[in-house]
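Both ligands and their constituent atoms are indexed starting at 1 by order of listing. Excluded from the calculations below are hydrogen atoms, water molecules and symmetry mates; all remaining heavy atoms, backbone and side chain alike, are included.
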Amino acid sequence: MSAALSAGCTDAPVLRERGQREVFCGLTGIIWLHRKIQDAFFLVVGSRTCAHLIQSAACVMIFAEPRFATAIIDERDLAGLADCNEELDRVVAQLLERRPDIRLLFLVGSCPSEVIKLDLSRAAERLSAQHMPQVRVLNYSGSGIETTFTQGEDACLAALVPILPRETAAAPRSLLVVGALADVVEDQFRRLFGAMGVDDVRFLPPRSGIDLPGVGPGTVYLLAQPFLADTARALDARGAARLPAPFPLGAEGTTAWLRAAADAFGVAPERFESAIAAPRARAETGMARYRAELAGKSVFFFPDSQLEIPLARVLSRELEMRLVEVGTPFLHRAHMAEELALLPAGTALSEGQDVDKQLDRARAARPDLVVCGLGLANPLEAEGIGTKWSIELLFTPIQGYDQAADLAELFARPLVRRMKLRV
Ligand code: SF4
């Protein structure tokens, strides 16, 4: 593990590509967001393709009563023969009558709703006026035009920011953790912050749509996910201040992320150390088990989830893997500054995608492991290259100390499987 906190890749040149891309759209985020906000419902206003995407991504049985659905725009709507707004109002009224447990309804835009220029923000205002105070209606876009799948969460959280209760400058200082985390991870972080004496910790998204965290000039926030540029901008506009930090992945990243909060709240170094010592040691021990399997192996990241740079940092610094190329759909230099500083100098970085050229580079390098989307994984496996689906890193709790070994195991598993297949 490199201990140097050098400039790393802060100013490294980045290969920028604009070509054909292989990514899922922002609707995918509904799969983990609907589990998180337990009284919210996500109504996609889209086509049968959109319905198929979320149904198959979520593996929902036909008998289930999930908290998302698709209002299908059909040929009559597309031809302008039907009033889509009337149809939408009818579908929403039906839904809310059948599901009185819903407190927050998201109308989620899609490529088809954008093509016919259906104004979902006006629809959300109109429907909110009809159904408040029982149900608040918001909207965001999950369309696949120029987006990648994690931007759906960013758009959803950014839509929530304007309705967060407004706190004045006189309100006591509070910490807001931003980005959907599994409940178990959220509870672990709350306990760690509590052990440091930081008690006023709030989370966005909240577990309930009616329990929204207040925000104001007294709010400092930590990003728990690296793909929340629009949400961060909206929070900044509300007077909140971001705490610069690496992301809470691996023992090192989690420590630096927690330390950013500890410093902001004036936690004494001894208290910080005593709060994190045991879980950090557990994380380091747990990761060491997988280092033996991963050290020296090469890894190539295709741009997909926007988690690539923090993951590359964990794999290179804590698991001693060799980075061949680290691709990211978008590079937010300010949010990534602390991560880039920790990457080994000379790491090949790329932003955007020209999938054929990138496949040629991966084939030429023959890495031990490629981290990529589902569409690329099967062909690469058929060519004898091990793969890890990047979307799995969104569905699996990987943040924090107690998940650090699970994170390492996710990368070790495909390599071990390949080795077993060979013998
Ligand atoms: S939003 Fe667009 S990219 Fe996503 S499933 Fe619907 S049509 Fe496809």
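- In this structure, the side chain of Glu284 does not engage the main chain of Ala251 through any donor-acceptor pair within 3.5 Å.
- Looking at Glu325 and Ser350, their side chains do bring a donor and an acceptor atom within 3.5 Å of each other.
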Indicate every side-chain donor-acceptor pair of residues 392-400 with a distance under 3.5 Å to a residue at least two apart or in another chain.
from	atom 1	to	atom 2	distance (Å)
Glu392	OE1	Lys388	NZ	3.0
Glu392	OE2	Lys388	NZ	3.4
Thr396	OG1	Glu392	O	2.6

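- The aromatic rings of His335 and His332 sit parallel to each other, their planes meeting at less than 30°, with 60° as the upper class boundary.
- The closest side-chain heavy-atom distance from Ser298 to Asp368 is below 4.5 Å.
- Listed by chain and residue number, the protein contacts of ligand 1 are Cys25, Leu27, Cys50, Ser110, Cys111, Pro112, Ser143, Gly144 (heavy atom within 4.0 angstrom).
- Leu222 pairs with exactly one of Leu258, Val178, Leu175 by the side chain to side chain contact (heavy atoms under 4.5 Å, CB included) rule, that one being Leu175.
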